[in-house]
Q: 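First, the structure itself, so that you have it in front of you.
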Amino acid sequence: MLWSKLFIPTLREDPAEAEVASHRLLLRAGYIRQLSAGLYSYLFLAQRSLLKIQAIVREEMNAIGGQEMHLPALHPAEIWQESGRWDIMGDNMFRLKDRFGRDLCLGMTHEEIMTAVARGELRSYKHLPQIWYQIQTKFRDEQRPKSGLLRVRQFLMKDSYSFDIDQAGLDAAYDSHYKTYCRIFDRCGLKYMPVEAHSGAMGGSQSHEFMVISDAGEDFVAVCKDCGYSANLEKAVSKPSTPGIADPEGDLAPEEFHTPGRKTIAEVSAFTKLPETSQMKSLVMVADGKPVLVLLRGDHQLSETKFGAIVSDPEFRTARPDEILAWFGAEAGSLGPVGVKNMPILADQALAGRRNMIAGANKDDYHLRNVTLGEDFEAEMHDLRQVGAGDECLRCDGKLDVCKTVEVGHIFKLGYKYSENMGLRVLGADGKELTPIMGSYGIGIERVLTCAIELYHDKDGMVLPASIAPFQVVVTPANCSDAAQSQAARTIYEGCLALGLDTLLDDRDERPGVKFKDADLIGIPFRIVIGKKLGSGMVELVDRKTKQTVDVAVAEAAAAVAGRLG
RNA sequence: CGGGGCGUAGCGCAGCCUGGUAGCGCACCUGCCUUGGGCGCAGGGGGUCGCCAGUUCGAAUCUGGCCGCCCCGACCA
C-alpha cells in the first residue's frame with residue numbers, strides 16, 4: 001500500500017497521559033486513539049495487526065476442530081440469572097434496560113450463551129465432543145481502566161468452549177487447548193509461560209494462565225527457576241523459610257509483658273529483639289457478617305484469595321476498628337488468639353509445630369510470650385499464606401521468584417457448573433440422560449499485541465514480530481523527487497507484493513529522516529532503502545531489530561526480505 | 001470506591017499566585033528552498049481557556065458546584 005494515501009497519524013512527542021511503553025507507542029505510532037476511559041478506536045495499523053493475530057488464532061483453533069460462531073453481545077438478564085452470575089458479576093457487568101423495561105447486559109464472556117445454544121440442540125452423546133469458539137467484543141465495566149489497551153472496558157476475546165461426555169474427554173480438550181495456546185503464542189512471537197491459576201468466579205477445577213512477564217502487568221506469579229514450577233500468586237504454594245531463631249523449648253505458660261506503643265509486627269520485633277518469624281500475626285476479618293480471627297507467622301502475608309475460598313464468601317472484608325474493640329476489648333496491634341471464644345480461629349500451616357511464640361494479649365500495650373497453638377488455644381489449620389519471593393519451592397527446594405505479569409490467555413476446566421445449572425443434558429449410549437462436562441478457554445487479542453510491544457521495543461519505537469506486524473516490509477526511497485529512486489522503489493515494491501509480502505511503499509514527499517523515524521516507530525520488521533547506491537544498482541536492507549544494514553541488488557531485494565522472513 | 005494530579009489550538013506546554021490584548025514549540029495550509037535520521041526561510045489558518053453558577057466595570061486567572069482524564073491503592077473471567 002502507498003503510505004501517502006494512508007492514515008497513519010504518528011506523533012513526534014510522547015502523549016502526556018501514557019505511562020507504560022505499549023500505551024505510549026500505540027498512541028505515538030498512530031495505532032490507536034482514545035475515545036473515553038478504557039475505550040479506544042483501533043486505527044488502520046492496529047486493526048491490521050489485530051487481524052493478523054486473529055488469523056493465527058483461527059488457524060490454530062480450526063486445527064483442533066474448533067468451530068467459529070458469532071454470538072450476541074447483548075444478553076437478556078434471564079440467561080445470566082439461570083447460571084447465577086447475574087448477581088455474582090456485580091458492578092463489573094454493563095447493564096441496561098430496553099424500551100419495555102426488560103433487563104439486559106453486555107456480555108463479559110459467553111458461557112451462558114454457548115450453553116444455551118448447546119442445550120437446545122445437543123441431544124445425544126454422538127453429538128459430542130464439540131469445540132465452539134468466537135472472536136468477539138467483550139464488555140467489562142472496569143473500576144479503573146488503565147495502561148492503554150491492557151485494561152479496558154471493551155476488548156476482543158477469542159473464547160472457546162468444549163462439551164464432552166466425560167472427564168477424560170474434558171481432559172483431552174483441555175490438553176489440546178493448552179498445546180494450541182502454546183502454538184498461538186509461539187507464532188505471535190511472545191515470550192510467555194503457562195502457570196497454574198486460580199479459577200475465580202468462573203468456577204471449575206483445573207486452570208492455567210498464559211502469562212507474559214512485564215512490569216506493566218498486574219498479576220504476580222511465583223516461579224521456580226530450578227524445576228519450572230510456576231503459579232499465580234493467588235494459588236502458589238511454597239515452603240516457608242526457616243524461622244529466624246528456634247523456638248524456646250518446654251511447656252511454658254503464656255506470660256504477659258508490657259509493650260507500650262508497640263503495635264506493628266516490626267515494632268514488637270525490635271522491642272523484643274526477636275525476629276518477626278517468632279510472632280503470630282492476628283488479623284480480624286468479617287465473612288458472611290461474622291468475625292473470623294486469622295493467624296499467620298509475623299513475616300507472612302494473608303492470601304485473600306485463599307481466605308475467600310475457605311470462608312466461601314467473596315465479599316469478606318477486614319474488621320473496622322470499632323468492631324475490633326467490641327470483640328477483643330483491645331485495638332489492632334495488641335490482638336491475639338489466647339482466650340478468644342466468640343469467633344472461629346483459622347491458622348496458617350506455617351504455625352504448625354511452633355512453640356512459645358509472641359502474640360497480642362488482647363489488652364492494649366500488652367503482648368504474650370510463650371503462646372503455643374494446640375495448647376493455649378485451638379485453631380483450624382489452613383493454607384492461608386501468600387507466597388513471597390525467596391520462599392523455597394515445594395517440589396525441588398529451589399528458591400521462588402515473584403514476577404509481575406500480564407495474562408494473555410486463560411484455560412479452565414469448568415466441570416458441570418453451567419451444564420447443570422442451565423439444564424444441558426444428552427442421552428448416553430445406555431439410554432440414560434447425562435450432563436456434558438465443559439471447559440472454557442480465552443485469549444485477549446489486544447493483549448497479544450500489547451505484550452509484544454512491551455516485550456519488543458527500543459528508544460525508536462516498536463519492534464514487532466513479523467507475524468503480527470501490520471506490514472512485513474517498508475520500501476523507502478530516500479528522495480522521492482529523484483525519478484530513478486522512485487522508479488526503483490516502485491519496482492521493488494511490486495516485486496515484494498508478487499512474493500506475497502505485506503508491503504508498504506513510503507512514497508511520501510518527506511525528507512528521509514522523517515521516513516526513517518516513522519518506519520522505526522511503527523515497528524515494521526524490514527526496510528528497503530533506495531538511495532545513492534542505486535547508481536551502482538544496489539539498495540539497502542535494514543533489519544529493524546538489529547539496525548544492521550546489508551547492500552543487495554535491486555533485482556534481489558524482494559527475495560532477500562522474503563528469505564529473511566522464512 | 002479512597003488518596004493524589006491534571007484539564008488553555010491536533011500534540012506537548014507557558015500564562016493563573018498578583019483579574020484588563022490568549023501565547024510558545026511541534027503538527028497543519030501556501031510559496032520558495034532542501035533531500036540519508038523528525039531541514040531552512042517567508043506568509044497563513046485554527047482555541048466557547050472542560051462545563052455551570054457566583055464575585056467584579058471586567059474572569060483562562062478569584063470562589064463554589066459539577067464533569068472528564070491520568071497515576072497510586074482497593075477491586076478484577
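All values derive from a computational prediction rather than experimental measurement. Naming convention: chains lettered A, B, ... in sequence-line order (proteins, then strands); numbering from 1 in each chain. Computed from heavy atoms alone, side chains included, the values below leave out hydrogens, waters and symmetry copies.
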Q: Ignoring backbone atoms, test whether A:S36 places a side-chain nitrogen or oxygen under 4.0 Å from the OP1 or OP2 oxygen of B:rG68.
A: no
Q: On a whole-Å scale, what distance lies between the P atoms belonging to B:rC1 and B:rA60?
A: 32 Å
Q: Without decimals, in angstroms, what is the distance between A:E218 CD and B:rA74 P?
A: 11 Å
Q: Please check if any side-chain donor atom of A:K138 sits under 3.5 Å from a side-chain acceptor atom of A:H110, or the reverse.
A: yes
Q: Distance between the C1' atoms of B:rG20 and B:rG58, in whole angstroms?
A: 7 Å
Q: How far, in whole Å, is B:rC39 from B:rC26 if one measures between their P atoms?
A: 10 Å
Q: Determine the Euclidean distance between corresponding P atoms of B:rC32 and B:rU8; express it in Å to zero decimal places.
A: 37 Å
Q: Sugar-phosphate atoms are those with a prime plus P, OP1 and OP2; base atoms are the rest. Using that split, label each nucleotide of nucleotides 26-36 of chain B B, S or - for protein heavy atoms under 4.0 Å, 5' to 3'.
A: SS------BBB
Q: Between the side chains of A:R527 and A:D506, is the shortest nitrogen-to-carboxylate-oxygen separation below 4.0 Å, so that they form an ion pair?
A: no
Q: Please report the distance separating the C1' of B:rU34 from the corresponding atom of B:rC41, rounded so that it comes out in whole Å.
A: 11 Å
Q: Taking atom P of B:rC71 as reference, at what distance in whole Å does atom NZ of A:K146 sit?
A: 7 Å
Q: Rounded to the Å, how far apart are A:D91 CG and B:rC75 C1'?
A: 11 Å
Q: Please check if any side-chain donor atom of A:R183 sits under 3.5 Å from a side-chain acceptor atom of A:T180, or the reverse.
A: yes
Q: Regarding A:D460, tell me which of base, sugar-phosphate or nothing describes its non-hydrogen contacts under 4.0 Å with the strands shown.
A: nothing
Q: Which whole number of Å gives the distance between the P atom of B:rU21 and that of B:rA59?
A: 11 Å
Q: Is there a side-chain contact between A:I88 and A:W80 (heavy atoms, below 4.5 Å)?
A: no
Q: Would you mind reading off the distance between A:D518 atom CG and B:rC39 atom P, rounded to a whole angstrom?
A: 10 Å
Q: Among the candidates B:rC11, B:rC71, B:rG12, find the nucleotide nearest to the side-chain atoms of A:L11.
A: B:rC11
Q: Strictly by modelled atom types, are A:S162 and A:H177 linked by a side-chain donor-acceptor pair under 3.5 Å?
A: no
Q: Rounded to the nearest angstrom, tell me the gap between atom CG in A:L39 and atom P in B:rG68.
A: 13 Å
Q: At under 4.0 Å between heavy atoms, which parts of nucleotides 44-52 of chain B does protein reach? Answer with one letter per nucleotide, 5' to 3': B base, S sugar-phosphate only, - none.
A: ---------
Q: Is the shortest heavy-atom distance from the side chain of A:Y418 to the side chain of A:R85 under 4.5 Å?
A: yes
Q: Heavy atoms only: give me the nearest A:I53-A:C188 pair and the separation to one decimal.
A: CG2-SG, 4.4 Å
Q: Taking all non-hydrogen atoms of both residues, which atom of A:E196 and which atom of A:K235 are closest, and how far apart?
A: OE1-CE, 4.1 Å
Q: Just to confirm, is there a sub-4.0 Å distance from OP1 or OP2 of B:rC72 to any side-chain nitrogen or oxygen of A:R144?
A: yes
Q: Going by atom types alone, do A:E112 and A:H75 pair a side-chain donor with an acceptor below 3.5 Å?
A: no
Q: Write down the distance between CD (A:E142) and P (B:rC1), rounded to a whole number of angstrom.
A: 15 Å
Q: Work out how far the P atom of B:rG73 is from that of B:rC17, and round it to whole angstrom.
A: 35 Å
Q: When you get a sec, tell me which of B:rC70, B:rC1, B:rC13 is the closest nucleotide to the side chain of A:Q34?
A: B:rC70
Q: Give the rounded distance in Å between these two atoms: CD of A:E17 and P of B:rG7.
A: 13 Å
Q: Measuring only between side-chain heavy atoms, which start at C-beta, is A:Y181 closer than 4.5 Å to A:K158?
A: yes
Q: Ion pair present between A:K545 and A:D458, side-chain N to carboxylate O less than 4.0 angstrom?
A: no
Q: Considering only the P atoms, how many Å lie between B:rG3 and B:rC24, rounded to the nearest integer?
A: 40 Å
Q: For the pair made of CZ in A:R28 and C1' in B:rG12, what is the distance, rounded to whole Å?
A: 12 Å
Q: Return the nearest nucleotide to the side chain of A:Y40; candidates are B:rC71, B:rC70, B:rC75.
A: B:rC70
